[in-house]
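Structure, as structure tokens:
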There are 2 protein chains.
Amino acid sequence: MQKQPTIRDVAAAAGVSVAVVSRVLNPGSGPVAAATRGRVSDVMETLGYHPRTAARELKHGPPTTLGLLLADVSNPFFARLADQVVQEAHSRGIQVLLMTTQEDDQLESERLATLIERRVSGIIATPTGNNLDTWKKLQDMGTDVVFVDRSIPALPAVDVVTINNTESARSATALMAAHGHRRIAIISGPASSTTGRDRIAGYREALDAAGLEQDELLIRSAAFRGAAGGDATTALLSLEDPPTALVVANTAQVTAVLRRLAHAGISIPEELSVIVFEDSPWTELMTPPLTIVRQPIDLLARHSVRLALSNPSGKTSGKPTVVRVDAELIERSSVSRPKPRP
Amino acid sequence: MQKQPTIRDVAAAAGVSVAVVSRVLNPGSGPVAAATRGRVSDVMETLGYHPRTAARELKHGPPTTLGLLLADVSNPFFARLADQVVQEAHSRGIQVLLMTTQEDDQLESERLATLIERRVSGIIATPTGNNLDTWKKLQDMGTDVVFVDRSIPALPAVDVVTINNTESARSATALMAAHGHRRIAIISGPASSTTGRDRIAGYREALDAAGLEQDELLIRSAAFRGAAGGDATTALLSLEDPPTALVVANTAQVTAVLRRLAHAGISIPEELSVIVFEDSPWTELMTPPLTIVRQPIDLLARHSVRLALSNPSGKTSGKPTVVRVDAELIERSSVSRPKPRP
DNA sequence: CATAAAAGTGTAACCGGTTCCATTATGTTT
DNA sequence: AAACATAATGGAACCGGTTACACTTTTATG
């Protein structure tokens, strides 16, 4: 273990001042004779010199780090979002500090405190819905905050990137109706989440458009974490007049729902038509291949990163940006006509 | 956008010196009268003061950031590893800088340069196998490097955390043999990777133990990325004497392999028994539920973080630590006796 | 009560870069 | 060749914390 050379070591070894070395380090910050530049570069090479980011950031914290605050990364949706965000950020020379909240406001609060202390230039987050003051404070500090996938209505000043949740649930439900289903159920995210609410709204719209009656018993909100999806499934199956179609609009609960259906011996689509909000490769490998709603994760990531870096310091723009991208309904084989009732 | 207060602002507002404020910030670094502490804390609160991490790290770069360098995060295995590493790190007050290499040495090299400049205290990585000099340099600097999942034989001085690859492939292959299979194929990672080599070694051991002949045509190395898994599958299926059992020991290629099998209309396990190295929930939802090798990701993460933080600065310990955890073979329904040949 | 020990506080240097500004070297113009 | 613009370099302050050390005030001890 050797201690690292500093800019002064390089300057001394090259027989120049630290100012010159700094200029070599930051091309464009001032003139340096070609010969000098070469000599300094050589010295840096032989000494194995690398400037410390921490020191550089002290002067004018440059937008070199971005906070990515997700609910959790074991969920494939968030995992792929993280992957895309990291790639997109890297392509711009930006680093990503990854944090998770586990959907817990307390943890979220701690993570936000850390992000404040790090003076990250931007944050891309799936907010829990609380910590409003902290979010506001972050923006006051000039941090570019972007909510992705969800938003917080009480914070209308924050940029948001989501899919068109209402429309995606509407089209999925409409497909069920078009196949002749009259008892269509939906399992969505919690009512406290914008995704949950919007998707249920789209579901209702589709029912109205199809002239179908709304039955509150067929609308289930399940938490993102835990086994809520399985329980909701069981509840739906044990209804007196059970649904013939099910839209699983809570990505985090898709496997829990499917597991419960399998254990209950429900055959898809004969007994129950199913559409899930989930775009992993395995949905195609199921028997039958599942009809899905595909969320364009790469677009979400790209727009999020762009917005999180768009206001280098201090936003003058008045109103926040809201990007809404369209999801895609991929029809495979898990939807059919309902079997006639006895 | 307001500019942030500094420690001097706080000191001035509280009518004390910066040293006192610093002591309030770092309990244990020196005595502060209770009354003073309270007053300073109040001022920090009202001013909305948060110390800048960059400035703190200038003095003695404390082990507060960890680099996590993975091949990619869209792969569920790595995603869950990332999730666990982040959680484990957070529980110790450590932040995680997430980076991906896409299995590309050039990109890896760039990421490593960044990590050097950031002076992270530790790095947890799935190395591509190149950039040997940089890895050495990192260690010389006192960075705690931990390879997870794979290792680089040419770098024996690095701590490693892996599953017992040889044993896991051996037991999977042995299970096939125990079911009476004589033509057992394996699709592993590239021969350049330690995981690929070790798993093939275990496979060979199992064949020997079962007194089965080794056929090099049944051993396929597929790259981690791309469609290599599908191609290898097709090649195996079109063999003159095709296998009756297949061990998919390349997690990144599992879905590609299964997709190809589905398209080829191969029924599992009637025509082909299958065991996959993959522990996602969906493996249980398949028809039939897949027999899998489960890798204890949480253990990998826990040990990795522990090692990456164990040598606060400057390792005196002579030899590196190698942690090898056991994978678990979960028997479900994708393995059966081979059907008798005509 | 004198005095030593401990507690509380302040001053200033330092970490490793960046950058303003002054100074000197080089080059161009007429 | 004088006059002046431009290039190249160096000195030193600064970013926002931490900390060694000096100094003052309390508290403890004999």
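Order of the sequence lines sets the chain letters (A, B, ...), proteins ahead of strands, with each chain counted from 1.
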Find the distance [X]:[atom1] to [N]:[atom2] and express it as a whole number of Å.
X	N	atom1	atom2	result
A:Q4	C:dC15	CD	C1'	15 Å
A:R56	C:dT19	CZ	P	10 Å
A:M44	C:dG17	CE	P	11 Å
A:R23	C:dG17	CZ	P	16 Å
B:D9	D:dG16	CG	C1'	10 Å
B:I116	C:dG17	CD1	P	14 Å
A:R37	D:dA8	CZ	C1'	11 Å
B:R8	D:dT19	CZ	C1'	13 Å

Out of [options], which has the shortest distance to the side chain of [X]?
X	options	result
B:L25	D:dC15, D:dT18, D:dT19	D:dT18
A:V20	C:dT18, D:dG10, C:dA12	D:dG10
B:I7	D:dG17, C:dG16, C:dA12	D:dG17
B:A19	C:dT19, C:dG16, D:dT19	D:dT19
B:L58	C:dG10, D:dT18, C:dC15	C:dC15
B:K59	C:dC20, D:dA8, D:dT19	D:dT19
B:V32	C:dG17, C:dT18, C:dT9	C:dT9

Salt bridge check, B:D298 against B:R80: does any charged N sit closer than 4.0 Å to a carboxylate O? no
With sugar-phosphate meaning primed atoms plus P, OP1 and OP2, does [X] contact a base, only sugar-phosphate, or nothing at under 4.0 Å between heavy atoms?
X	value
B:V18	base
B:P31	base
B:S29	nothing
B:T36	sugar-phosphate

Please determine whether a side-chain nitrogen or oxygen atom of [X] lies at a distance below 4.0 Å from atom OP1 or OP2 of [N].
X	N	answer
A:T6	C:dG16	no
B:R52	D:dG17	no
A:S17	D:dT9	no

Identify which one of B:K136, B:R111, B:E108 satisfies the side chain to side chain donor-acceptor pair (under 3.5 Å) criterion when paired with B:N131. B:E108
Starting at NE2 of A:H50, measure out to CD1 of B:I116 and round the result to the nearest 0.5 Å. 4.5 Å
Full working for side-chain hydrogen bond (donor to acceptor under 3.5 Å, both in side chains) between A:T65 and B:R118: CA-CA 11 Å; A:T65 309; B:R118 298 252 171 173; 2.8 Å; yes
Is it true that the side chains of B:T321 and B:R306 contain a donor and an acceptor less than 3.5 Å apart? no
5'-most contact on DNA chain D: A:G30 or B:S22, nearest heavy atom basis? A:G30
Heavy-atom distance under 4.5 Å between the side chains of A:I94 and A:L309, does that happen here? yes
